[in-house]
Amino acid sequence: MSDAALAVRGLTVHFRVRRGLVGSRVVRAVDGVDLALGPGETLGVAGESGSGKSTIARSLVHLTRPNGGTITLGETDVTSLRGAALRRYRRRMQMVYQDPYDSLDPRMTVRDAIGEALAVRGLSRDRRPGEVARLLSRVNLPDALAARYPGQLSGGQRQRVSIARALAVEPDVIICDEAVAALDVSIRAQVLNLLKDIQRDTGVAYLFISHDLSTLRFVADRVAIMYVGRVVEHGPSLELFAEPLHPYTRALIAAVPSVTARGTKRLHLAGEPPDPANPPTGCPFHPRCPEAIDECRRVRPELTVVGPGRSVACHVAVRSFRSPRSAAEPSR
Amino acid sequence: MISIPESEAAAVVGVGETAALAEPRLWRRALRSLAHDPVALLSVLFILLLVVVALFAPWIAPHNPLEQFPNGLSDVGAPVAPGARFWLGTDQAGRDVLSRLIYGARVSLLVGVVATGLASAIGVVVGTVAGYAGGIVDSVLMRVTDTVLSFPILLFCIALIAVTGPSTRNVVLVIAFAYWTYLARVVRSQVLSLKEREFVNAARTLGVRHATIVRRHVLPHLWPTIIVYGTLGIATSILIEASLSFLGIGVPLPQASWGEMISEGQQYFQTAPWLLVAPGVALILTVLAFNLAGDWLTDLMDPAEREGGR
């Protein structure tokens, strides 16, 4: 526990949605999620829109208040911090946002935006220009950009400034919420490499949220796959991509276009993810699952450990693991 | 000549990829748009003229506005028509209409600017606090705002003046008290959307204090709204002041005010139409100029244009 940079236990976020004049319904955006992140590690979180990825990110940085569960940063339970105590802990967990056109104040120069973070760190005014220059060079931007406004920067440049701003407070964890999704593919690779370099140098841990599996395959050490507010599969990145256990994971991976795997049969997912306010009984994935058995319609599968660092929430996958050999080649 | 700024603009776009350049060039943008918009240019020039006239009234006015000239009335005691000595004629008391008009501009501008300034200050504070704090604070402040807003503004002012008694100071206070609600509403809705912007979230995540976030990331974005609504508010305030003075409960006599001049002038309209026409035209032109300038500022400060697609 003590060596984890970030530990999340049973995180639950429910939204109450009003319906009509009276009555409301509860949307279980995040429903009992466990995540752990070691120093210098990258955990990828993947899932379709509405699977609760971004809600996790927002509750980790206290923009959304969770209904249940605990968030532990280092040794401190930060779940219910408020006021000044919360402000002190905030800088240990930073976020790089998806939209590079909205995450920087259009009325502040790059120098002021990064300087604001340096002021939070308590750096004296006369030392800030030097530190701004150092941070800009850290994200491979010329110092001349410091006087620019965000409107004068490209998307990739803005995202680098966002990264520099996050680094300015020397955090333990940086949450990248679709941080490269809005960028061109070529620029995306540059930014991802930059993030990796920074991790090597500073030992910062990343929680990398993305709907794009090829991005996660590139950056993540471990990956958690989410479906309707729950983690359905979790494992080391290499193994998970080489041998996905959950039918949903397989469908997601099959949907990624691949040069080498041309000609392999594409697995198509029918239908839409269910309404989180009204999830189906049993396994929430069963209406779309090609392998659903009777049990899936009745009993909700729990996340079960099936190997070192690997766990899956699927009756079929767990069963095949328990009876060896039939597991190696799950029926397709 | 003209090609210089164009090539400069092209160079900037080439470097920055996105062309939406913000604040630092607002002044230049304003001047450029005035050059292409004669109506706005005339409005702005008229307002400037009005300000100069009001400021330097004692030097510009040909006569003392309160002096009753012996030769200011005809043999039968009627007002003198416009002529070489009294450019806009005299009124029923033998006072110079042009001088009274010029001093009246002082009252109109003073009341308009001060009342709008006060109203804006109240409106921005209430709207920002309500929008940013949300919850019960928002509900309470907005119910108060709605209550004030539900009164017809002129009727409300008349009622308040009836309670406080007419004086220039009270006219200003009453207009401010009735008008702040409009800005409070608009500012609140703007703050509500600003609050959800990622750069505000980013500042919160950094651990910046709420008061600092409001000062640094919220209020600067409200300036365009404040300026636009302020300009329109000045027009409204001038009209309300004129209405109150017309009803005899505005700026106290014998101080000159356009509303009072219209009120007095209508009694002599058939024999001395200049008594009505001069302050009437001045009032119409002033209100029109402020409204047109407000429209022009709205276009100039359109946030969608300014902040690159947001």
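Lettering follows sequence order; numbering is per chain, from 1.
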Given that the side chain runs from C-beta out, which part of Met93(A) has a heavy atom under 4.5 Å from chain B: side chain, backbone, both or neither?
backbone
Does a sphere of radius 6.0 Å around OH in Tyr229(B) hold more than 12 heavy atoms from other residues, nucleotides or ligands, not counting ones at 6.0 Å or beyond?
no
Met108(A) side, atom CE; His217(B) side, atom NE2 - distance, nearest 0.5 Å:
4.5 Å
Evaluate whether atom CZ of Arg82(A) has more than 12 neighbouring non-hydrogen atoms of other residues, nucleotides or ligands under 6.0 angstrom away.
no
Show, in sequence, the C-alpha distance, side-chain angles and deciding distance for Arg58(A) and Asn201(B), and conclude whether the side-chain contact (heavy atoms from CB on, under 4.5 Å) test is met.
CA-CA 10 Å; Arg58(A) 294 179 71 84; Asn201(B) 284 336; 3.5 Å; yes
Give me the one residue out of Arg121(A), Met95(A), Gln94(A) that meets side-chain contact (heavy atoms from CB on, under 4.5 Å) with Leu206(B).
Gln94(A)
What one should report as the nearest heavy-atom pair of Ser103(A) and Ala202(B) is O-CB, 4.2 Å
CZ on Arg87(A) to CZ on Arg204(B), rounded to 0.5 Å
12.0 Å
Full working for side-chain contact (heavy atoms from CB on, under 4.5 Å) between Arg90(A) and Val208(B)
CA-CA 9 Å; Arg90(A) 283 212 134 138; Val208(B) 180; over 6 Å; no
For the CG atom of Asp105(A) and the CZ atom of Arg197(B), what is their distance to the nearest 0.5 Å?
8.0 Å
side-chain contact (heavy atoms from CB on, under 4.5 Å), paired with Phe199(B), selected from Pro150(A), Pro106(A), Ser162(A)
Pro106(A)
Residue pair Tyr97(A), Thr205(B): steps toward the side-chain contact (heavy atoms from CB on, under 4.5 Å) verdict
CA-CA 11 Å; Tyr97(A) 296 83; Thr205(B) 317; 3.0 Å; yes
Do you know which two heavy atoms are closest between Arg107(A) and Pro220(B), and how far apart they sit?
NH1-O, 3.2 Å
For the atom pair OG1 (Thr212(B)) and CD (Glu116(A)), what is the distance rounded to the nearest 0.5 Å?
8.0 Å
With a cut-off of 6.0 Å (strictly less than), are more than 12 heavy atoms of other residues, nucleotides or ligands near CD1 of Ile136(B)?
no
Could you tell me the separation between the CD atom of Gln98(A) and the CD atom of Glu198(B), rounded to the nearest 0.5 Å?
8.0 Å
So with a 6.0 Å cut-off around CZ of Arg16(A), is the heavy-atom count from everything else above 12?
no
